Chemist: 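The structure is given below, and queries will be raised subsequently.
Note that the structure is predicted; figures quoted are calculated from it, not measured. The chains referred to below are lettered A, B, ... by the order of the sequence lines, with proteins before strands, and numbering in each begins at 1.
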Amino acid sequence: MRFSSMFIPTLREVPSDVEAVSHRLMLRAGYVRQLAAGLYIFLPLGWRVLNRINSILKEEMEAIGAQEISMPVLHPAEIWQQTGRWDAIGDEMFRLKDRTGRDMCLGMTHEEIMTWLAAKEIRSYRDLPQIWYQIQTKLRDEARPKSGVLRTREFLMKDSYSFDADEDGLERSYRLHAEAYHRIFKRCGLRFYQVESDPGMMGGAKAHEFMAPSPAGEDEVVLCDNCGYAANVELAITVSPDVTFEDWPYEELHTPGKRTVQEVSEFLGISPRYFIKSLLLMAPKGPVLALIRGDQELHEKKMQKIIGPFRTAEKEEVKKILGVEAGFIGPMGHNLEIIADLNIKDGVYISGANREDFHVKGIRPGIHFEARWQDIHMAKEGDRCFRCGAVIRIEQCIEVGNIFKLGTKYSVPLKAFYLDSSGMERPLIMGSYGIGPARIAAAAIEQNHDSDGIIWPRSIAPFDVEILPLNMKDAKTIEVSEHLYSSIKEKGIDVLIDDRDERAGVKFKDADLIGIPTHIIIGERNLKEGLIEIKDRRTKKAAKVRIEEIFQYLTVQV
RNA sequence: CGGGGCGUAGCGCAGCCCGGUUAGCGCACCUGCCUUGGGAGCAGGGGGUCGGUGGUUCAAAUCCACUCGCCCCGACCA
């Protein structure tokens, strides 16, 4: 392609409120433009990148026997009502009515529609297994679109769905996807982790996310470099660093006006890790007392999974329900449900005395109070792996893909049954698997850029090579450039030639910004000696080579 | 949905507090000259319902009310 006839609107400046690196560079380098909040236009360069990613997706999907199909974006409400998600999903679903007043919605995912098709067409175990996939538009009315292309209201998704006769079959389809995903992200040049994740609204038993580390990511992942444990913080289990407990006798301490763990800890000169923090939560089934170690925080999502949506109690409610002033609550002697974090199951602690201005030292869990033991604290840096005891670390990540074991969550309500070899009717066992191509592109930029611009992994770059004729007024430069351009093209290499009548500086800056991996620089000076330059975008190293030898270098590099 | 910020030329911004010439700057764009290895220089030029509506005032980009949009933090997130 010729730069002069391709629409590549590069920008010197970008609005100051654009934060994410990938967002800024995609705008500056002319890959995307924003239409409205969470709605993006992919310009020629951006679309080329997506297409290259999509062909990798297709190759790897076909390789595990997945078959590409295409589903409508517009869905009738009834199918979503049958699985209960019409009501379970809130404002995130775009809803509308057709001219006859029939409820419709725009597809945010396709479990329902895929299962509908399977229910209609799959009869026998002989039809199984099936894996169907599509690369198609999804619409979600996000509460807060952000970070450019990373969280949008309309986006492309590779979504696949597996239908198996039994759990073993699902296990196989799930594993095939996990392996394909590893190959995909590797081929796309990403650094990534496969982590355990919360199935959430998708339902089902087990799920994993594929996470590309980047400060622009919205997710936090707990990683153990020692044993390989990796999980989203939403469900990661960690153990607090070892603590040696004192054999304190049970005694009340006068702590006038000291309410928070921080205050009492400073007052007594004892570390917060020897404290039990008591939080009164108002849950649907009534008040619950949550106990957390003094140096840790309650993980609201983990807690919500146990007791449902809750809020913390007001000061007056604390007094009314527990008969204690907030700040002096202790775990002892209450007549309500107590859920305590597993980390405080052993030890000797300090907590409120259930009496104003007093705390108690020497509290022994299991002796002085009983509780339901659950993992409810937030994992944090410095915690230890619950499997092997090594210190874990936490990394910020972009979720580029996910895989879910759905089981029969959709097949039962949508009556997707088949007959097994003994003639018995059984529900299809399903899995669903997603990848966001635009997130791969953004993550690739997040992980591969420098102060001058994007550095594309070769596999997903919009072009393999860019030719930079520095002086378009020099006949020899043009002759050599044009000759190279056509012969490179003939070899099937995607090449862009910057044939604009611009100064050398402009071409260099734009080339670095756009981030095509290999640059061929054609300047008058070198040309006099029959030389041209081949330069690597990542290392910025350039080599002078004889014009006729260029292909030896290209075949190595491309 | 809660908190904060911002809407002025294609893009990036100043002006607004403290109302009053013809609304300004940089980039981009057009013409000419010049220049061609890291976003050149000189000269000339075009381009604005100051997000919208209503109000206050002799007078509104500027003050007030409402409204729409966008960004950031949080909640939420198949």
Chemist: Taking atom P in both B:G19 and B:U62, compute the distance separating them and give it to the nearest angstrom.
Modeler: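 Their P atoms lie roughly 12 Å apart.
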
Chemist: Taking the same atom, P, in B:C71 and in B:C11, what whole-Å distance lies between them?
Modeler: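 Between the two P atoms, the distance is 15 Å.
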
Chemist: By nearest atom, which of the nucleotides B:U36, B:C71, B:A40 is closest to the A:A37 side chain?
Modeler: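 Side chain of A:A37 sits closest to B:C71.
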
Chemist: If you measure from the P atom in B:A65 to the same atom in B:G5, how many Å do you get, rounded?
Modeler: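 To the nearest whole Å, 14 Å.
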
Chemist: So, OP1 or OP2 of B:C73: does either fall under 4.0 Å of a side-chain N or O from A:R144?
Modeler: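 Answer is yes, contact under 4.0 Å.
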
Chemist: How about A:K120: does its NZ atom have over 12 heavy atoms from other parts shown lying under 6.0 Å from it?
Modeler: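 No, because the 6.0 Å sphere around NZ of A:K120 holds 12 heavy atoms or fewer from other groups.
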
Chemist: Quick one: look up who B:G48 pairs with, Watson-Crick or G-U, both distances under 3.5 Å, and put none if it's unpaired.
Modeler: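 Matched B:G48 with nothing under the 3.5 Å cut-off.
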
Chemist: Mind checking who B:C17 pairs with, Watson-Crick or G-U wobble, both distances under 3.5 Å?
Modeler: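 In the structure as shown, B:C17 has no Watson-Crick or wobble partner.
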
Chemist: Distance between the C1' atoms of B:G7 and B:G51, in whole angstroms?
Modeler: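 Here B:G7 and B:G51 have their C1' atoms 6 Å from each other.
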
Chemist: Give A:N526 one of three labels, base, sugar-phosphate or nothing, depending on what nucleic acid heavy atoms sit under 4.0 Å from its own.
Modeler: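 Base: the residue A:N526, judged by heavy atoms under 4.0 Å, touches a nucleobase.
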
Chemist: Counting Watson-Crick and G-U wobble pairs only, both distances under 3.5 Å, name the nucleotide matched with B:A61, or none.
Modeler: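 Per the H-bond distance test, none.
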
Chemist: Do A:T260 and A:Q262 get their side chains close enough for a donor-acceptor pair, meaning under 3.5 Å?
Modeler: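 No.
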
Chemist: When we call it a touch if two heavy atoms are under 4.0 Å apart, what does A:M93 touch: a base, just sugar-phosphate, or nothing?
Modeler: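 No contact.
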
Chemist: Go through B:U36, B:G37, B:G38 for me and flag the one nearest to the A:K509 side chain.
Modeler: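 Looking only at heavy atoms from C-beta outward on A:K509, the closest nucleotide is B:G38.
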
Chemist: How many whole angstroms separate atom CD of A:E142 from atom P of B:G74?
Modeler: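 Value for this atom pair: 15 Å.
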
Chemist: Select one nucleotide: of B:C70, B:G37, B:G39, the one nearest the side-chain heavy atoms of A:F508.
Modeler: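 Of the candidates, B:G37 comes closest.
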
Chemist: Considering Watson-Crick and G-U wobble pairs with both distances under 3.5 Å, what does B:A40 pair with?
Modeler: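 Across any shown strand, B:A40 pairs with none.
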
Chemist: What is the distance from CZ of A:R500 to P of B:G39, rounded to the nearest Å?
Modeler: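 In whole Å, B:G39 P lies 14 Å from A:R500 CZ.
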
Chemist: Answer yes when A:R538 and A:D450 have at least one side-chain N-carboxylate O distance shorter than 4.0 Å, and no when they do not.
Modeler: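 No, A:R538 and A:D450 are not salt-bridged.
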
Chemist: Give the rounded distance in Å between these two atoms: CE of A:M472 and P of B:U35.
Modeler: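 In whole Å, B:U35 P lies 19 Å from A:M472 CE.
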
Chemist: What is the separation between atom CD1 on A:I532 and atom P on B:G37, rounded to the nearest whole Å?
Modeler: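 So the CD1-P distance, A:I532 to B:G37, works out to 17 Å.
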
Chemist: Does A:R144 pair with A:E218 as a salt bridge, N-O distance under 4.0 Å?
Modeler: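 No, A:R144 and A:E218 are not salt-bridged.
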
Chemist: Whole Å only: how far is the CG atom of A:D498 from the C1' atom of B:G38?
Modeler: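 Taking CG of A:D498 and C1' of B:G38, I get 13 Å after rounding.
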
Chemist: Please output the side-chain donor-acceptor pairs of residues 35-46 of chain A that fall under 3.5 Å, not counting sequence neighbours, one pair per line with the distance.
Modeler:
{"from": "A:Y40", "atom 1": "OH", "to": "A:H23", "atom 2": "NE2", "distance (Å)": "3.0"}

Chemist: Can you check the A:E19 CD to B:G74 C1' distance for me, whole Å?
Modeler: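 Computing the A:E19:CD to B:G74:C1' distance gives 15 Å.
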
Chemist: Please give the distance between the P atoms of B:G10 and B:C50 as a whole number of Å.
Modeler: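 Comparing P positions in B:G10 and B:C50 gives a spacing of 13 Å.
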
Chemist: Look at A:D498 together with A:R500 and state whether they make a salt bridge at an N to O cut-off of under 4.0 Å.
Modeler: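 Yes, A:D498 and A:R500 are salt-bridged.
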
Chemist: Does a side-chain N or O of A:R525 approach OP1 or OP2 of B:G37 to a distance below 4.0 Å, or not?
Modeler: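 For B:G37, neither OP1 nor OP2 has a side-chain N or O of A:R525 closer than 4.0 Å.
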
Chemist: Roughly, in whole Å, what's the span from CG in A:L35 to C1' in B:G69?
Modeler: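 Nearest whole value for this atom pair: 12 Å.
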
Chemist: If a protein heavy atom is under 4.0 Å from the base, mark B; if only from the sugar-phosphate, S; if neither, -; do that for nucleotides 10-15 of chain B going 5' to 3'.
Modeler: -SSS--

Chemist: Touch check for A:D512, heavy atoms < 4.0 angstrom, all strands: base, sugar-phosphate only, or nothing?
Modeler: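 The residue A:D512 makes base contact.
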
Chemist: 5'-most contact on RNA chain B: A:R12 or A:K146, nearest heavy atom basis?
Modeler: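 The residue whose closest nucleotide sits nearer the 5' end is A:R12.
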
Chemist: With sugar-phosphate meaning primed atoms plus P, OP1 and OP2, does A:T83 contact a base, only sugar-phosphate, or nothing at under 4.0 Å between heavy atoms?
Modeler: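 Answer is nothing: A:T83 stays at 4.0 Å or more from every strand.
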
Chemist: We want to know whether A:S160 and A:H177 form a side-chain donor-acceptor pair, criterion being a heavy-atom distance below 3.5 angstrom.
Modeler: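 Indeed, the side chains of A:S160 and A:H177 share at least one donor-acceptor pair under 3.5 Å.
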
Chemist: Check if the side chain of A:D510 and the base of B:G39 share a donor-acceptor pair of N or O atoms closer than 3.5 Å.
Modeler: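 Checked by distance alone, the answer is yes.
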
Chemist: Does CD in A:Q304 sit with more than 12 non-hydrogen atoms of other residues, nucleotides or ligands closer than 6.0 Å?
Modeler: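 Counting other residues, nucleotides and ligands, CD of A:Q304 exceeds 12 neighbours.
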
Chemist: Ignoring hydrogens and angles, answer whether the base of B:G37 and the side-chain atoms of A:E533 contain a donor-acceptor pair closer than 3.5 Å.
Modeler: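 Side chain to base: pair present.
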
Chemist: Would you say A:W116 has more than 12 foreign heavy atoms packed within less than 6.0 Å of its CH2?
Modeler: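 At most 12 heavy atoms, drawn from other residues, nucleotides or ligands, come within 6.0 Å of this atom.
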
Chemist: Return yes when atom CD of A:E300 has more than 12 non-hydrogen atoms of other residues, nucleotides or ligands closer than 6.0 Å, and no otherwise.
Modeler: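 No - once you tally the heavy atoms of other residues, nucleotides and ligands closer than 6.0 Å, there are 12 at most.
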
Chemist: So what does A:R28 touch, heavy atoms closer than 4.0 Å: a base, only the sugar-phosphate, or nothing?
Modeler: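 Base contact.
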
Chemist: Between B:A23 and B:G15, how many Å separate the two C1' atoms, rounded to a whole number?
Modeler: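 That atom pair is separated by 8 Å.
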
Chemist: Counting only Watson-Crick pairs (N1-N3 plus N6-O4 or O6-N4) and G-U wobbles (N1-O2, O6-N3), all under 3.5 Å, who is the partner of B:C6?
Modeler: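 Its partner is B:G69.
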
Chemist: Can you work out whether A:D501 or A:E92 has the more 5'-proximal nearest nucleotide on RNA chain B?
Modeler: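 Taking each residue's closest nucleotide, the earlier one in sequence belongs to A:D501.
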
Chemist: May I ask you to verify whether the side chain of A:K544 and the base of B:G37 hold a donor-acceptor pair under 3.5 Å?
Modeler: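 There is none.
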
Chemist: Given that both distances must come in under 3.5 Å, which nucleotide forms a Watson-Crick or G-U wobble pair with B:C25?
Modeler: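 Its partner is B:G12 (Watson-Crick or G-U wobble, both distances under 3.5 Å).
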
Chemist: Please report the distance separating the C1' of B:C16 from the corresponding atom of B:A60, rounded so that it comes out in whole Å.
Modeler: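 Looking at atom C1' only, B:C16 and B:A60 are 10 Å apart.
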
Chemist: For B:A40 versus B:C30, give the span between their P atoms, rounded off to a whole number of Å.
Modeler: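 Pairwise P distance, B:A40 against B:C30, rounds to 15 Å.
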
Chemist: In whole angstrom, give the distance that lies between atom CG of A:L27 and atom P of B:C70.
Modeler: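 A:L27 atom CG is separated from B:C70 atom P by 15 Å.
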
